[in-house]
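Read through the structure below, which is laid out as structure tokens, and then see the notes.
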Amino acid sequence: MSFRIEDKFFLHSQNLDKLKLWIKLQKGKVMYPKRYITSLYFDTENNKSLIDSEEGIVPRKKIRFRSYDNLLNFKKEIFFEKKITSVEGKYKISEKINEYKLNNYLKKGIIVLDHGIVFPKIYVTYLRYYYVIKDLKINIDMNIKYRRFKFNDIDSLSINDNDIVLEIKAPMDINFKNIIDTLPFNLRRFSKYSRGILYINNQNRYLIKN
């Protein structure tokens, strides 16, 4: 198990050029080619993961399927992931799953310790750019789309999110506050899952805008 620091922030798309310039000034480099990512998030019927995330409760979990494509595509592999936030830090457990197990989870849900049964809720799809600044991993997510899960329905309406996400990952022994303080704009905490739930339930008026 490897703990890490992981922070997500959202900013308006008009700040994208400023962000890329900041990465360049910090001597950042492209780490991987850009690619689409699709996650299907699971939660309990009473949305325990959502509530824990919004309240900042620890420990907490997020359960999802992930595919490195713009669909859950077995040609690109699908992973079952648990993201755990604890007092010690954050870590992720990931395993590749087969099509039989995926369909079984979609129909019957997944039993998760301390949660009970979780069921598929929403798809979140986005385009990710990868950078590295010294020991920091910098991800920029844009073209974000949310779509409510419906079994055997891949054509339901998608909702576009015009904001972008800055995600910063670092080992536990790295203090990156001095670098973050040089950013030319304010940052606000971001959860794609929480934000997506608000959007698909027509509650985006409750979102904080920067």
Side-chain angles (χ1 to χ4, degrees), residues 2-39 41 50 53-56 60 62 64 66-71 81 83 85 89-92 122-147 157-210:
S2 179
F3 290 104
R4 66 188 181 190
I5 301 170
E6 180 180 315
D7 284 324
K8 292 186 181 72
F9 308 96
F10 76 86
L11 53 149
H12 195 275
S13 56
Q14 68 185 16
N15 287 318
L16 179 60
D17 289 340
K18 291 181 182 178
L19 176 57
K20 289 185 175 180
L21 177 59
W22 174 80
I23 292 173
K24 183 177 181 180
L25 293 174
Q26 296 295 326
K27 298 182 180 179
K29 298 180 180 179
V30 174
M31 189 175 182
Y32 302 114
K34 64 182 179 181
R35 61 181 174 181
Y36 274 97
I37 297 174
T38 294
S39 294
Y41 285 89
L50 173 66
S53 177
E54 290 298 289
E55 296 294 331
R60 62 179 181 268
K62 284 184 180 175
R64 70 190 181 199
R66 170 161 286 193
S67 174
Y68 292 94
D69 196 2
N70 58 0
L71 293 171
E81 297 185 343
K83 290 195 69 178
T85 300
K90 299 182 180 182
Y91 63 98
K92 180 172 69 175
I122 64 168
Y123 294 98
V124 181
T125 301
Y126 50 91
L127 181 62
R128 170 165 287 183
Y129 294 79
Y130 298 85
Y131 297 91
V132 60
I133 300 174
K134 296 181 180 179
D135 293 320
L136 303 184
K137 294 181 180 179
I138 308 291
N139 298 332
I140 300 175
D141 298 337
M142 54 190 301
N143 298 349
I144 304 169
K145 295 182 179 180
Y146 308 114
R147 181 160 49 87
L157 179 65
S158 292
I159 299 175
N160 297 326
D161 189 338
N162 293 325
D163 287 329
I164 61 177
V165 178
L166 169 64
E167 181 180 73
I168 301 173
K169 300 177 182 179
M172 290 297 295
D173 57 348
I174 298 296
N175 184 351
F176 57 80
K177 184 177 184 302
N178 290 339
I179 295 179
I180 298 304
D181 285 344
T182 65
L183 280 164
F185 38 73
N186 295 324
L187 297 175
R188 298 184 186 275
R189 185 173 172 272
F190 187 101
S191 166
K192 296 190 192 75
Y193 172 60
S194 300
R195 194 171 171 91
I197 289 292
L198 290 175
Y199 265 106
I200 64 175
N201 288 301
N202 296 316
Q203 293 179 309
N204 51 304
R205 62 185 179 278
Y206 295 117
L207 295 172
I208 298 173
K209 295 296 184 180
N210 57 337

- request: Please say whether the positively charged group of Lys192, taken as NZ for Lys or CZ for Arg, lies over the ring of Tyr126, i.e. under 6.0 angstrom from the six-membered ring centre and within 45 degrees of the axis.
  value: yes
field: Ion pair Lys169/Glu167, N-O distance below 4.0 Å
entry: yes
field: Separation of Phe10 CZ from Leu166 CG (nearest 0.5 Å)
entry: 12.5 Å
- prompt: Could you go step by step and tell me if Asp163 and Arg195 meet the side-chain contact (heavy atoms from CB on, under 4.5 Å) rule?
  reply: CA-CA 11 Å; Asp163 287 329; Arg195 194 171 171 91; 2.3 Å; yes
Partners passing side chain to side chain donor-acceptor pair (under 3.5 Å) against Arg60 (at least two apart in sequence or in another chain): none
- request: Could you walk me through whether Leu16 and Ile140 pass side-chain contact (heavy atoms from CB on, under 4.5 Å), step by step?
  value: CA-CA 9 Å; Leu16 179 60; Ile140 300 175; 4.1 Å; yes
- prompt: For the atom pair CG (Leu183) and CD1 (Ile168), what is the distance rounded to the nearest 0.5 Å?
  reply: 6.5 Å
task: For residues 9-22, pull every pair meeting salt bridge (Lys or Arg N to Asp or Glu O under 4.0 Å), keeping only residues two or more places apart or in separate chains.
output: none
Nearest-0.5 Å distance, CG of residue Asn70 to OH of residue Tyr36: 7.0 Å
message: For a 4.5 angstrom cut-off between non-hydrogen side-chain atoms, does Tyr68 reach Arg128?
response: no
task: Report yes or no: is the cationic atom of Arg64 (NZ for Lys, CZ for Arg) closer than 6.0 Å to the six-membered ring centre of Tyr193, at no more than 45° off its axis?
output: no
Identify each donor-acceptor pair in which a side-chain atom of residues 23-33 lies under 3.5 Å from a protein atom, sequence neighbours left out, and give them as a table.
residue: Gln26; atom: NE2; partner: Thr182; partner atom: OG1; Å: 3.3

query: Just by modelled atom types, is the Thr38 backbone N or O under 3.5 Å from a matching donor or acceptor in the Thr125 side chain?
result: no
Interatomic spacing from CG in Asp69 to CZ in Arg35 - rounded to 0.5 Å: 10.5 Å
field: Spacing of Lys34 atom NZ and Asn143 atom CG [to the nearest 0.5 Å]
entry: 9.0 Å
message: More than 12 heavy atoms of other residues, nucleotides or ligands under 6.0 Å from NZ of Lys83: yes or no?
response: yes
- request: Measure the CD1-CG distance between Ile133 and Asp135 for me, rounded to the nearest 0.5 Å.
  value: 11.0 Å
Crowding at NZ, Lys137 (>12 non-hydrogen neighbours, <6.0 Å): no
